[in-house]
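Indexing begins at 1, ligand by ligand and atom by atom, following the structure's order.
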Amino acid sequence: MKPKSTLFRAAEHAASYLDGLSTHPVGATTTADDLRQRLALALPETGTDPARVIDDLVEQTRGGHLGSAGGRFFAWVIGGALPSALAADWLTSTWDNNAALYACGPAAAVVEEVAGSWVKQLLGLPMNASFAFTTGCQMAHVTCLAAARHSILRDVGWDVEADGLQGAPSIRVIASEHCHGSIERAVRFLGLGKNSIVALATGADARVRPDTLEASLAQGEPTLVVLDAADLNVGAIDPFDELIPIAKAHGAWVHIDGAFGLWARASKHAPRLAGVELADSWATDAHKWLNTPKDNGIAIIRDSSAHRAAMSVSAAYLSSPSGVRDQIDWTPDWTRRARGFAVYAAIRELGRDGIADLVERCCRFAEELANGFASIPGVELVAAPTLNQALVRFIHPDPCASVNEQDGWNDKIIDALNREGTAFFSGSRWSGLRVMRISVVNWQTTSDDVVKTLEAAERVIETERGNAIVPRPA
Ligand SMILES: *Cc1c(COP(=O)(O)O)cnc(C)c1O
């Protein structure tokens with residue numbers, strides 16, 4: 001069997017899946033038990049024709065894929081894939097080079113050089129900063145914070161790469177109370193421990209305040225400061241132009257979690273991130289707002305020598321010609337996917353204008369969705385979008401409902417919306433209350449998607465409220 005027919009089958013399945021996104025339910029329509037029943041064959045003792053394997057896989061998983069690739073998926077922060085980025089990703093698997101060294105994938109190495117430079121230009125970050133394409137923002141944090149750990153300890157005379165952390169001076173990590181869970185995990189991976197994190201209380205706007213940061217820094221230990229661009233609940237962007245100079249005056253390393261929000265730098269919203277370029281490291285994702293397929297994070301580090309010291313490897317059999325970039329010296333991976341192709345394709349497909357338009361469109365749709373929800377009876381706007389994220393809350397029809405009942409009601413409505421199938425949302429907690437998040441981060445979303453989503457939401461909420469049994473007052 002030639003590979004070609006299997007690949008053509010896969011392309012047909014892919015095209016029909018993508019075509020179906022606008023008409024099929026956005027949520028999954030099957031259960032874990034059902035999927036297990038279909039997938040958990042006895043360990044195959046003999047082989048199967050490859051095209052058959054692919055046809056079966058499509059059937060066995062039918063209904064088990066969330067429609068996050070489509071335009072009416074508003075849960076968490078999960079981007080879609082631009083056509084050229086998706087196709088480049090297929091080709092990446094086809095070429096199947098190991099993008100660890102220039103020598104084992106020359107085109108993969110050079111495309112990363114170019115894509116890295118383009119990303120720095122788009123985000124307005126220092127052009128001499130080093131960068132790495134990682135699995136996601138999680139590992140971009142690990143990469144950036146490993147460089148930070150190197151630099152902070154080097155400054156107090158400690159070589160962490162040689163001597164590790166046993167007996168090392170301690171490092172404090174100051175982060176917003178709203179910082180993403182991936183920061184805590186990066187800090188754990190790096191041996192600093194989550195108890196080294198000092199969570200800074202924020203103002204009502206969910207942003208770190210200069211006086212709070214100043215007071216925390218005054219304690220004088222070697223410090224790493226993590227700021228948000230933007231937080232995942234309300235899209236809060238810390239006031240970098242005020243905060244970063246304060247942190248720098250105390251000798252801290254400043255790291256930015258910009259998983260999705262850093263892309264606002266490539267749009268008319270850029271002034272809101274003024275000063276972000278003053279930081280020491282930035283972590284973001286191509287697979288969120290740039291809309292490449294998953295497995296594409298980006299670490300950018302001002303001090304390239306700290307970056308290299310934290311990540312590089314030397315082994316006798318690793319030798320590339322001089323003047324080329326070996327990715328292995330900048331990433332935590334050894335054998336790795338050639339992530340630059342998808343990033344390169346996405347940036348070419350959209351161009352600077354198209355990226356600005358994608359970001360601005362998503363923000364506008366988030367606002368339309370938030371306002372639309374807020375105009376439905378029984379819905380309250382908790383946080384209007386300042387970027388592409390908003391929060392709404394569903395009000396229990398019984399005015400005497402307890403906080404628990406209120407929270408349960410929110411879960412019930414989110415579940416009902418998702419089961420109805422037009423769109424898909426996820427919940428969160430904000431100021432101690434259960435809420436629903438609205439996140440728009442996919443190139444596919446159109447005004448029509450917004451309208452359809454709101455029509456469906458109005459129907460679902462009205463039905464649920466009608467069905468709710470509210471005890472009559474005695
Ligand atoms: C998604 C997200 C992360 C984690 O990124 P991954 O690419 O999933 O590893 C970190 N921070 C924020 C604010 C996020 O939205």
Side-chain angles (χ1 to χ4, degrees), residues 66 68 73-81 85 89 119 123 131-146 173 175-190 194 197 199 202 206-208 224-238 240 254-265 272-273 276 279 281-300 331-333 336-337 339 342-343 346 359 362-363 366 383 385-391 425-430 437-442:
L66 283 193
S68 56
F73 186 90
F74 306 111
W76 303 291
V77 186
I78 296 186
D89 196 58
V119 168
L123 302 180
F131 66 89
F133 291 102
T134 59
T135 48
C137 194
Q138 170 72 76
M139 287 312 289
H141 288 325
V142 169
T143 305
C144 290
L145 299 190
V173 181
S176 159
E177 61 177 329
H178 299 297
C179 87
H180 190 266
S182 55
I183 291 291
E184 179 194 299
R185 197 154 66 146
V187 166
R188 273 165 40 205
F189 286 173
L190 290 165
K194 67 176 180 182
I197 301 180
T202 61
R207 302 159 85 211
V208 170
L224 168 55
V225 173
V226 180
L227 300 174
D228 287 337
D231 99 288
L232 60 82
N233 279 309
V234 300
I237 298 168
D238 286 321
F240 304 119
V254 180
H255 173 68
I256 306 294
D257 180 355
F260 61 95
L262 205 51
W263 290 95
R265 286 277 279 184
R272 308 253 322 278
L273 284 85
V276 76
S281 58
W282 304 263
T284 186
D285 271 320
H287 62 210
K288 284 187 178 171
W289 228 341
L290 185 60
N291 280 211
T292 70
K294 306 294 171 281
D295 194 347
N296 223 325
I298 309 170
I300 300 174
T331 68
D333 312 312
R336 65 189 277 283
R337 185 168 185 76
R339 302 193 175 99
V343 177
V359 168
C362 289
C363 296
T386 56
L387 201 63
N388 64 330
Q389 309 287 312
L391 301 176
F425 293 93
S426 60
S428 189
R429 290 197 85 74
W430 191 252
R437 277 169 66 183
I438 296 171
S439 171
V440 190
V441 70
N442 191 321

For this session: Mark the output for S182 as yes if a heavy-atom distance to ligand 1 is under 4.0 Å, and as no if none is.
Result: yes
Seminar exercise, completed: In terms of its nearest heavy atom to atom 2 (C) of ligand 1, the top option of K288, H180, H178, H287 is K288
Problem set entry | Whether over 12 other heavy atoms sit under 6.0 Å from R185 CZ | no
For this session: Write out the residue and atom name of the closest protein heavy atom to atom 13 (C) of ligand 1, then the distance separating them to 0.1 Å.
Result: D257 OD2, 3.5 Å
Exercise. Heavy-atom contacts under 4.0 Å between A283 and ligand 1: side chain, backbone, both, or neither?
Worked result: neither
Problem set entry | Check: S182/H180 side-chain N/O donor and acceptor closer than 3.5 Å | yes
For this session: Would you tell me whether S439 and W76 have side-chain atoms, one donor and one acceptor, within less than 3.5 Å of each other?
Result: no
Exercise. G181 near ligand 1, heavy-atom distance under 4.0 Å?
Worked result: no
Problem set entry | Any N or O of C137 closer than 3.5 Å to N or O of ligand 1 | yes
Exercise. Do N233 and S428 have side-chain N/O donor and acceptor atoms under 3.5 Å apart?
Worked result: yes
Exercise. So does K294 pair up with D89, basic N to acidic O under 4.0 Å?
Worked result: no
Exercise. Is any N or O atom of H141, backbone or side chain, closer than 3.5 Å to an N or O atom of ligand 1?
Worked result: no
For this session: Have a look at ligand 1 and work out which part of F260, if any, has a heavy atom under 4.0 Å from it: side chain, backbone, both or neither.
Result: side chain
